[in-house]
Amino acid sequence: MNKPKAHIAAHKKEEAVRVKSLLQKYKVIAIADMTNMPSPQLQKLKYSTKESVYITMSKARIIKIVCNELKEKIKGIDNLKECIRGMPALLLTNDNPFKLSKILKKSKSSAPAKAGQLAPNDLTIPAGPTQFPPGPFIGELAQLGVKASVVEGKITVKEDTVIVREGQPISGQVAALLTKLGMEPMEIGISLLAALEDGVVFNKQVLNFDEAEYLSN
C-alpha cells in the first residue's frame, strides 16, 4: 500500500530538482499555457526554436513549489508563479522576452470558439453594422446583453460590448454567436502568460507591445 506513494513522491522530487536546475540556467523565465497547442505544432515549434528557446512542461504545483524555493536566488520569481494557469509550460531563453513573444506569435493561428473553452482575453462584440437584416438575430444579441438596432436595413451593434471576460468559460450560445459574426477569438498555439527578466515580470499585455516601441520608451 505504501510503495506507490513512495514512488510518486520520489518522482515528484526528481521533477522538482530538474525544474529547479533549469530555472537557474537562463536569464529569462517565461510561463505559458499549452491548453490550445496541438502536439504536432508543439514539436515543430520546439525544433524551430531549439537554438534559442528551451520549452519544457511540468505540473503547476511543482513549478510553484520550485518558485517558492528559488525566491531568495531569483528576484521576482515568486511573482511569476502567480501567472500560472491552464496546462503550464516553462519557456527558458537568454534572449529578451519581447523576442520570445514575437517568435510565439508567428506560430499561432486563429480558430472559432467552442463551448466550454476559456476565453483567452475579453471577448468583445464591436460596435457597428453586422451582415444581418432585421430579424431574430437582434434578439440573440439582446440575450447576451448586446444592444443593437436596425440602421439602413442592417442590424447594428450600438457600442462595444464584452460578452465573456478573460479566463471565463465560453457558453454554447456565445460560441454560436461569435461564429455567426465570423469571429475567431481562439488562438491555436502557445499562450505566453508572463516572462521574468532581471527581477521584472512582464505580463502578456506588455509583451504584446512592439519591441522597438518598448525600447524607445
Heavy-atom distance under 4.5 Å between the side chains of [X] and [Y], does that happen here?
{"X": "Asp95", "Y": "Val53", "result": "no"}
{"X": "Leu207", "Y": "Phe98", "result": "yes"}
{"X": "Asn96", "Y": "Val28", "result": "no"}
{"X": "Asn121", "Y": "Leu123", "result": "yes"}
{"X": "Leu92", "Y": "Ile29", "result": "yes"}

Contact summary for [X] and [Y], nearest pair of heavy atoms:
{"X": "Ala32", "Y": "Leu91", "value": "CB-CD1, 3.6 Å"}
{"X": "Ala148", "Y": "Leu141", "value": "CB-CD1, 3.9 Å"}
{"X": "Ile170", "Y": "Ala113", "value": "CD1-CB, 3.9 Å"}
{"X": "Val19", "Y": "Ser58", "value": "CG2-OG, 3.8 Å"}
{"X": "Pro88", "Y": "Gly86", "value": "CD-O, 3.1 Å"}
{"X": "Lys25", "Y": "Ser21", "value": "CG-O, 3.3 Å"}

Please determine whether residues [X] and [Y] belong to a single hydrophobic cluster, defined as Ile, Leu, Val, Met, Phe, Trp and Tyr linked transitively by side-chain heavy-atom distances below 4.5 Å.
{"X": "Tyr26", "Y": "Ile190", "answer": "no"}
{"X": "Met57", "Y": "Ile55", "answer": "yes"}
{"X": "Leu118", "Y": "Met34", "answer": "no"}
{"X": "Met186", "Y": "Leu177", "answer": "yes"}
{"X": "Ile163", "Y": "Ile138", "answer": "yes"}

Looking at Arg61, I want to see if its CZ is surrounded by more than 12 non-hydrogen atoms of other residues, nucleotides or ligands under 6.0 Å. no
Take atom NZ in Lys147; do more than 12 heavy atoms of anything else shown fall under 6.0 Å from it? no
So that I can tick it off, tell me whether Lys20 and Glu69 are bridged by a salt bridge, with the cut-off set at under 4.0 angstrom between side-chain N and carboxylate O. yes
Looking at Glu15 and Arg18, does any basic side-chain N land under 4.0 Å from a carboxylate oxygen? yes
Working to the nearest 0.5 angstrom, can you tell me the gap between [X] [atom1] and [Y] [atom2]?
{"X": "Ser39", "Y": "Lys46", "atom1": "OG", "atom2": "NZ", "value": "8.0 Å"}
{"X": "Leu178", "Y": "Gln173", "atom1": "CG", "atom2": "CD", "value": "11.0 Å"}
{"X": "Gln168", "Y": "Gln117", "atom1": "CD", "atom2": "CD", "value": "14.5 Å"}
{"X": "Asn203", "Y": "Asn79", "atom1": "CG", "atom2": "CG", "value": "12.0 Å"}
{"X": "Lys204", "Y": "Glu166", "atom1": "NZ", "atom2": "CD", "value": "3.5 Å"}

Working for side-chain contact (heavy atoms from CB on, under 4.5 Å), residues Ile74 and Leu80: CA-CA 11 Å; Ile74 303 176; Leu80 183 67; over 6 Å; no
Pair Ile125, Leu144 - check side-chain contact (heavy atoms from CB on, under 4.5 Å), show working. CA-CA 10 Å; Ile125 304 299; Leu144 294 172; over 6 Å; no
Any donor-acceptor pair under 3.5 Å from [X] side chain to [Y] backbone:
{"X": "Lys81", "Y": "Asp78", "result": "yes"}
{"X": "Asp160", "Y": "Pro126", "result": "no"}
{"X": "Gln131", "Y": "Lys180", "result": "yes"}
{"X": "Thr130", "Y": "Ile155", "result": "yes"}
{"X": "Thr179", "Y": "Ala175", "result": "yes"}
{"X": "Ser171", "Y": "Pro169", "result": "no"}

Among Leu100, Ile103, Thr49, which residue satisfies the side-chain contact (heavy atoms from CB on, under 4.5 Å) criterion with Thr93? Leu100
Can you check side-chain contact (heavy atoms from CB on, under 4.5 Å) on Ile63 and Leu90, steps first, answer last? CA-CA 9 Å; Ile63 296 174; Leu90 292 165; 4.1 Å; yes
Examine the side chains of Asp33 and Thr35 and answer whether a donor and an acceptor come within less than 3.5 Å of each other. yes
